[in-house]
Amino acid sequence: MNENEIKGDSYNKETVLDAASRCRNCNYCFSICPLFQSTRGFMSQTPSGILQSIKYAIKWDLLKGNEKETLRDLVYSCTTCNGCVVRCKAKATGIPVLEAIEAGRKILREMMIGPLPQQRKPLKDLLKNGNPYGEKPGKRFEWLQDLPVKRLPQEQADILLYVGCTLSYDQELHGLGRNLLAVFDGLDINYGVLENETCCGDPALRMGDEAIFQELMNANVRLFKEAGVKKIVTVSPHCFNTFSKEYPVQERQWSVRHYVEFLLDILKEKKAALTKKLPYTVVYHDACYLGRHNQIYDPPRELIAMVPGIRLVEMKMKKDEALCCGGGGGRMFAEVEEEPKLARTRINQAIDADADVLATACPWCYTMLMNAAKDMQATDKIKVMDITGLLKESMDTNE
Amino acid sequence: MKSSPPQTLIEDMERIVGKKYVSAHIFERIKNSLDTFPYEAERDSLPYVVVMPGSKEEISEIMRYANGSKVPVFIRGSGTSFIGAARYPVPGIVLNTHRFNAIELSEDYGYFECGPGCICASVEEALKKRGFFLPAAPGSRLIASMGGIISNNTSAHIVDTSIGKPGDYVLGIEAVLPTGEIIETGTKGLRRPAGTDLTKFFVGGDGLLGVITKIRMRLVPQFERACGIAVYKDLESVARAVQRMYMERRPAPFFMEFMEEKVAQIGYDLKGIESQRGAVVLFVTNADSKEEAARKADQILLSLSAEDPFEAQRIEDAVLWEKLWSAREVIGSFLMQQSGNQWASAEVVSNLKDLPECLNEAANFNKGLPVLSQLTSYLFGHIGGLTMHPGVIIPKDWDNEKKKKAIDEKFQREEELNLKYGTCGGEWGQFSKRTSFFVKRYGEKGYGLVKDMKKVFDPNNILNTGLLED
Ligand SMILES: Cc1cc2nc3c(=O)[nH]c(=O)nc-3n(C[C@H](O)[C@H](O)[C@H](O)COP(=O)(O)OP(=O)(O)OC[C@H]3O[C@@H](n4cnc5c(N)ncnc54)[C@H](O)[C@@H]3O)c2cc1C
Ligand code: SF4
Ligand code: SF4
């Protein structure tokens, strides 16, 4: 079967039933699940709880019943952080829990039960506008109009910087974007952005809509081909993961990296570019789609540690045990029960680590954590910064 | 006892604990009806509702209500019971203890108190931060609740002859009786009561006589450790070495695990350990100082060395030790992952005198059993505690009935062996799937006393109904 094909209902059901039949209900996975930790602790709000729910919904014909919306709320509350997969592999039966949960989403979407009501509009917007925020495609790069950034395919560049929707449309993130561009410029990187960039498709996939994902993927693949793209660097770990794992191998005539790995390699050669000492104690928050999904744990730490003056510390929950910020899996677009808010817990963990800067490498983590710090009125205790902000500050000799 | 619930059960529960803490949707009910047994949930016995009370008063009210309306109540910690205590035979109210998750260290009193919903690993961590340790080390530490641990009174992997059971450290508890009264037992002092101590009805009480709502335990300082290994040509030598250790009056090890040769080889291959093939014994000693722990280990090695081991020595290389220890820990999950199926094991306990014979029988655990003999049996366990966990991998493709039969056979053989050696399970609790063992081991009179006692505490058989057979 072509990887690119939509695999269909029976495949998805089989994925769920196979995983559930191997799940031992040992409940080890509870211990890492952010959903379990941020809800009241009911057992269905856990990895194996969701898995068993979908299994019995299939087996007992509950998909049509009056509790189908309850099932939907459970299945869509997962942040897709991959913690359960890591824990189940280390301690139990090693089943693909998340793949099964996502197969459940596809089943629900196919039956028009999913996604969550608040996710319907973003999903429609993805199809209509190529972004989940209801913004016009033409507005995507308004924020860098005054900057001399090359546009592909009209212009040529070695690297396609794939900016992504969140950074493009969220004003709060434009500063982060500018920092990144300044770092790229400072390091003489020959890069450009894709004139007609469109969403990578991650939100569609996470919300269980394979058809919309396919549309977006096909559009991107066409654009990459037209522009002769050979190397892609992404800002978001979600785009990175989607390009590297969800796009079919046969379509990939390009390599893709997340900016942390890309910049780490360059800065190893050009360490002198980081001139200014920063007197910060920094703690890094592992993004799920860099860490647990792609095992990129050390590069962001190495990158931060390269900045002169910085003292790098760790939170209690780190690397494959890191607590998710709560923003993944389509949850950016919906209100889901969260008490306490994961991002708030994470802010507290950063403060407990005696850090004054909490560094991120994902626009969604940045947004979630920044908003939490503001809500908690904790911005004087902990400053949320993207790693690019630290690099820019250290490279910026004029300040 | 299958009851019809009052029409207003859910609203009544919501009134007691608040709407937020009641769940009656089918998916919550399904998950609460599952445990580690590999067979399916049954629609007829799904709980009616799951409630998550936040105070002892709320539990008291639930129990009074349940008595009034004759609806069973099942206490649920994390549902990891290995004997079927978390798979309820009839519908009822599931009382989830998750919200009882406070832990308080009172160093000035020399004890800590925790709620039954505290997870074992969080208690361990809170204690460790202040230089204390938890006298229980189950494989399920990341998820098992303190309520589950204390109602089973399991020290788990820790060798009981070394530091005893968690119950030896429990100074007192607070519990809600099945009829709703709240009682406190034990002491705030550091000596457990002499003579009658009501604590004993609840610690290791299998959840029959009340809902534990608070546990008070003595603070035990952390200690230093030393580690060692011995490798033997066969299981008989392992058994004889352990017998020697006890009979030659060596210090009791804190942990003492073993793996039969084929199991050890799997673990070694996985962890990239180059070592002598054979049956492996790994042990840890504990003491106030490193020197004393090492001295204890050397003492134990004197006995272990007398049974002609391929090797018997202390391990001082921490990295190597970590590898060896984790080789033992990953076996179950590796076997499951390799086959895509589920692990099911028994708890065979020997007496000291018959250890060689018992170990041999445990190694041939599934022989002659109609269903289980179709599978390969694997053997490891806590040999210092004379405990063996022979296990099999149950194919996921077996039909439900066959899986049930496999689990029944497992308990049947465990029962035969533990009866033969005059022992009983030291880890997982005594009733549910083990009730028939209890009757045979302690007689109708012994079992009758338990039932009578249950009646005194729980006249309507409301709490954990079905744990004892009616
Ligand atoms: C992977 C795995 C590894 C394990 N390793 C070990 C091990 O090494 N050693 C070992 O001994 N066990 C082990 N177990 C079994 C299990 O974890 C223990 O029996 C544990 O004590 C059960 O805790 P729980 O919170 O899951 O209790 P549950 O399964 O929810 O309940 C167990 C029993 O305790 C009762 N109970 C729970 N809370 C209370 C309370 N507050 N008051 C009164 N009664 C209560 C319940 O009603 C029930 O009868 C393991 C289980 C798994 C899945
Ligand atoms: S850890 Fe794996 S086997 Fe255990 S309950 Fe979770 S999903 Fe199931
Ligand atoms: S992916 Fe993360 S949030 Fe989702 S069930 Fe697994 S551990 Fe929980």
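Order of the sequence lines sets the chain letters (A, B, ...), proteins ahead of strands, with each chain counted from 1. Values below: all heavy atoms of this structure, side chains included; hydrogens, waters and symmetry mates excluded. Bear in mind that the values here come from a model prediction, so they are computed numbers and not experimental data.
A distance-only check finds no donor-acceptor pair linking the side chain of A/Asn27 to the backbone of B/Ile143 [under 3.5 Å]. Although no hydrogens or angles enter the test, the distance criterion places a donor-acceptor pair under 3.5 Å between the side chain of B/Gln342 and the main chain of A/Ser21.
Remark: B/Lys20 does not engage A/Glu337 in a salt bridge, criterion side-chain N to carboxylate O under 4.0 Å.
Closest of all the heavy-atom pairs between A/Ala57 and B/Phe27 is CB-CE2, 4.0 Å. Nearest heavy atoms, B/Ser333 versus A/Ala90: OG-O, 4.1 Å. Scanning both residues, A/Leu62 and B/Ile26, for their nearest heavy atoms gives CD1-CG2, 4.0 Å.
With a threshold of 4.5 angstrom between heavy atoms, B/Arg43 approaches chain A through its backbone and through its side chain. Proximity to chain A (any heavy atom under 4.5 Å) is restricted, for B/Phe82, to the side chain, taken from C-beta onward. Heavy atoms closer than 4.5 Å to chain A are found in both the backbone and the side chain of B/Gln337. Contacts between B/Ala41 and chain A at a heavy-atom distance below 4.5 Å involve backbone atoms as well as side-chain atoms.
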| said: Determine whether B/His25 and A/Leu71 satisfy the following criterion, side-chain contact (heavy atoms from CB on, under 4.5 Å), listing intermediate values before the conclusion. | reply: CA-CA 9 Å; B/His25 65 72; A/Leu71 178 68; over 6 Å; no
| said: Does A/Phe36 form a side-chain contact (heavy atoms from CB on, under 4.5 Å) with B/His98? I'd like the steps, not just the answer. | reply: CA-CA 11 Å; A/Phe36 183 59; B/His98 188 73; 3.4 Å; yes
| task | Please step through side-chain contact (heavy atoms from CB on, under 4.5 Å) for the pair B/Leu142 and A/Lys91, ending with a clear verdict. | result | CA-CA 10 Å; B/Leu142 285 177; A/Lys91 290 277 181 191; 4.0 Å; yes
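Between A/Ser53 and B/Lys31 the shortest side-chain heavy-atom distance does not fall below 4.5 Å.
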